[in-house]
Structure formats: structure tokens, C-alpha cells
Amino acid sequence: MELELEKLNLPSDNERPFVIAGPCSAETEEQVMTTARQLAMKGCHNFRAGAWKPRTKPGGFEGNGEKALPWLKRVKEETGMLVTTEVATPKHVELCLEYGIDILWIGARTSANPFAMQAIADSLRGVDIPVFVKNPVNPDLELWIGALERINQAGIKRLGAIHRGFSSVDKKIYRNMPMWQIPIELRRRIPNLPIICDPSHIGGRRELIAPLCQQAMDLGFDGLIVECHCDPDNAWSDAKQQVTPDVLDYILSLLIIRDEKVSTEGITQLRKQIDEIDNEMMELLSKRMRVCREIGQYKKEHNMTVLQARRYNEILDKRGAQGSLCGMDGDFVKRIFEAVHEESVRQQIEIINK
């Protein structure tokens, strides 16, 4: 379905992307106000701080709750910045509206739960407030779109998405794997939906925030939400992924913002070459599948199993190494051949079971 959307109409500088910045959690009134004043001096227009902090395990700092909301109200009154916090229950929504919070966001754990999303959506009926929805913890685009649809159907038209990456057992560089193809597909499916990037939760380390911000800009994201603390090393939650207002200002000053309106005439011929190569790839894949079907017929006639594990491992290892020699990431090439092999197996199973 199409979403009924209106422009967010949130303040930002023309020379910089739309930015929401502030600490992971509102720890004390002094910490909130100090960080807010420093950010306001750097030209920030939108301040974030978590009042409620859902933690993976009990025992950690889980936020000050309602106690923190007057602090955010004071930020708004003294600096003129709009203020935002995360909500996870209808009661959170009710309290935020009572204290005049300007923007709400819904976290990854909540967006993964349709029951929780519907309860929040019901609590927002008749309210006109910007709402951002983070991607679910697991890489499920339909679940993300479903969460957005629930909020939109409640009458919220100033709606946006936050890409914060996806949980993975196999953690290498990032705290949460970016899987950029998922927000890119979201943009294709809902072109007029604003999408901002959360480099703090994707990276998990402050040294990764700058390159992730630039990558988000290169991919045409509409803005950023960055965790920023007056004393990040002593933060009560997620200390490693927070930066100071000075560091954030420096990161933003170095960002290169790509112009989407520039004519693409200069790359038209290159795109034609890409189209020709893609056509050749499709023809080669078709030929490969034809041979796979012949192999399937042979296996059927000789009562052989479809999956030949040794052969499969040989293909992955050989093509992964070959990809590296050709200047491509070996894991990327392996993923391609895993997908090709999966389709080959599917076609061979169809033949064997006929």
C-alpha cells in the first residue's frame, strides 16, 4: 500500500544534512543541559535523549523515565531546539505529549513487535506529531514497512524511517550490520519516505561514525541521528559510540553532500554499458541453469542426491578466491554463488520429483 505522507518540516541548515543529536540517555539534568547548550552553539536544531532505555539484560541503567521529560522541556525553552525521545508503550506516548516533546521515535526492539506497534499507533490517533520508526533488529523489510504502515494508518503523516543496522551473530567491524540494500529497497518501495541514518548504533564505536555518516550521504539518505554527549567516556550507556559536540561539528563540517539534481547525461553511456553487461550476465545465468537442469536429469536417472557438498564447497572456495584476485570482496562473490547454487538445487529438485 502507499503511505499518506506530508513533509516533516523540521529545522535544518541548508549547508548540512538534517541532524538529530544528543546523548544516548538523559542521565542528569546537568548532563542534558550541558550537552544541549554545546550542541545549540554548534547550530544543532534537533536534540535527542533517551528517557526510557530498553536494555538487552536487566541491571543496567534503564533511563530516568518521566523524571527526564522536564529536562527535555527545559532544553526546548532555553535553546529553541526541538526535542525528541524514544517511546515503547502508549504510556510513554501519553507522557511525551503531556510534556510537549516535539518528535517521537520508535526503537528497533519495539518495531519488531506488531502488537507493540499497534498499541502505540492506537495511542497516536488524532495526534499530529513527527514520528520516526527504526528498522527492526532483524533484517526484515516487510516487518519494517508494516510498522510504518501501522503508524501511518493511525493518521500520522509526518513520518520517517531510521536505519540503525541489523543484529548479527557474526560481528566483525560493526555493532549492527548496515545491510544498506534494505534501506535502499525501502526507498525504492516508498520513494517519498524520509530515511535518516543512525551511525552510532551501526558502528558501535565512535571512530566509525564519520565514515558511516559519509556513506549515508553518498547513498542519498535524508539526514542523521547521532549520539552526542558532553563527556562520552563517562556516559551511563553506550559510552563507546558517543562523541562530543565538538567532534560531531567537525564530522559534519567534512561531509560531502552529493547533489541529486545534477544531470546524469555524463554517465548515460556508462549506464548503457552496464545494461549490456547485465543482459550478458542474464544470458550466462540462463545457460548455467540449463546445464544444471541436465545434471538434475542425470542425477534422477542414476538415483543420486541433489546436494553434492564437496562440489559445493569447491565452487565457493574457488570463486571466492577468484573474486579477490579480480578486485572484489571474496565474501561478496561467495554470497552470489550461494544464491546461484540455491536456485540450481531448487530446479534440480523439481526435476527429480517429477
Side-chain angles (χ1 to χ4, degrees), residues 1-2 108-109 111-115 117 135-150 161 163 165-174 176-191 202 219 271-354:
M1 64 169 290
E2 291 187 9
R109 292 175 176 87
S111 66
N113 184 337
F115 292 107
M117 286 303 306
N135 62 260
V137 290
N138 50 314
D140 188 334
L141 177 59
E142 300 306 324
L143 194 59
W144 194 3
I145 291 176
L148 289 159
E149 288 178 347
R150 290 178 189 275
H163 172 49
F166 301 91
S167 296
S168 171
V169 176
D170 184 21
K171 288 181 171 61
K172 294 182 180 179
I173 298 175
Y174 304 107
N176 294 299
M177 298 301 291
M179 296 187 183
W180 297 105
Q181 70 274 18
I182 294 179
I184 289 171
E185 176 62 13
L186 178 64
R187 170 60 52 82
R188 189 189 71 81
R189 299 263 294 270
I190 314 175
I202 292 176
L219 291 171
R271 284 179 170 170
K272 285 183 178 179
Q273 290 183 41
I274 291 289
D275 287 340
E276 291 172 4
I277 293 169
D278 286 347
N279 288 335
E280 291 173 8
M281 286 171 57
M282 291 303 298
E283 290 176 6
L284 288 172
L285 276 173
S286 177
K287 291 178 181 178
R288 191 186 195 280
M289 291 303 163
R290 177 179 55 76
V291 175
C292 286
R293 288 192 294 274
E294 291 179 8
I295 292 174
Q297 187 61 40
Y298 182 90
K299 289 176 179 176
K300 179 178 182 178
E301 293 170 358
H302 292 79
N303 199 29
M304 296 171 63
T305 60
V306 168
L307 183 61
Q308 303 287 316
R310 183 180 298 176
R311 169 64 176 163
Y312 179 41
N313 290 331
E314 179 187 334
I315 290 173
L316 291 185
D317 292 341
K318 182 185 295 184
R319 299 311 173 199
Q322 190 177 9
S324 298
L325 291 174
C326 294
M328 292 178 284
D329 181 77
D331 289 338
F332 160 71
V333 175
K334 283 185 177 181
R335 287 196 299 273
I336 290 176
F337 277 90
E338 283 170 357
V340 170
H341 183 264
E342 183 179 341
E343 175 62 15
S344 301
V345 168
R346 186 192 68 79
Q347 293 200 18
Q348 290 186 13
I349 287 174
E350 276 190 0
I351 290 171
I352 284 180
N353 289 328
K354 278 184 179 178

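Residues Phe166 and Asp140 approach most closely at CE2-N, 4.4 Å, considering heavy atoms. Here the shortest heavy-atom pairing between Ile352 and Met304 reads CD1-O, 4.1 Å. The two residues Tyr174 and Ile202 make their nearest non-hydrogen contact at CB-O, 3.2 Å.
The closest side-chain heavy-atom distance from Trp144 to Ile182 is below 4.5 Å. Contact of the Glu149 side chain with the Ile145 side chain is registered, since non-hydrogen atoms from C-beta on lie closer than 4.5 Å. Side-chain contact check for Leu186 versus Leu148: some heavy-atom pair is nearer than 4.5 Å. Contact annotation: the side chain of Arg293 never approaches that of Gln297 to less than 4.5 Å [non-hydrogen atoms, C-beta and beyond].
Between the Asn138 side chain and the Ser167 main chain, no donor and acceptor come within less than 3.5 Å of each other. The main-chain N or O of Pro178 is found under 3.5 Å from a side-chain atom of His163 such that the two form a donor-acceptor pair.
With rounding to the nearest 0.5 Å, the separation of CZ in Arg271 from CG in Asp278 is 12.5 Å. Atom-to-atom distance recorded for Ile351:CD1 and Ile295:CD1 is 10.0 Å, nearest 0.5 angstrom. Here the CZ-CZ distance, from Arg150 to Phe115, works out to 8.5 Å after rounding to the nearest 0.5 Å. Once rounded to the nearest 0.5 Å, the distance linking CD1 of Ile190 with CD of Glu185 reads 10.0 Å.
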Expected list for residues 329-342: side-chain donor-acceptor pairs under 3.5 angstrom, two or more places apart:
| from | atom 1 | to | atom 2 | distance (Å) |
| --- | --- | --- | --- | --- |
| Asp329 | OD2 | Asp331 | N | 3.1 |
| Asp329 | OD2 | Phe332 | N | 3.0 |
| Asp331 | OD2 | Lys172 | NZ | 3.4 |

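A side-chain contact (heavy atoms from CB on, under 4.5 Å) with Cys292 is found for one member of Gln348, Lys287, Glu343, Arg346 and no other, namely Gln348.
A donor and an acceptor atom, one from each side chain of Ser344 and Gln347, are nowhere located under 3.5 Å apart.
Using a 4.0 Å cut-off between a side-chain N of Lys or Arg and a carboxylate O of Asp or Glu, Arg290 and Glu294 qualify as a salt bridge.
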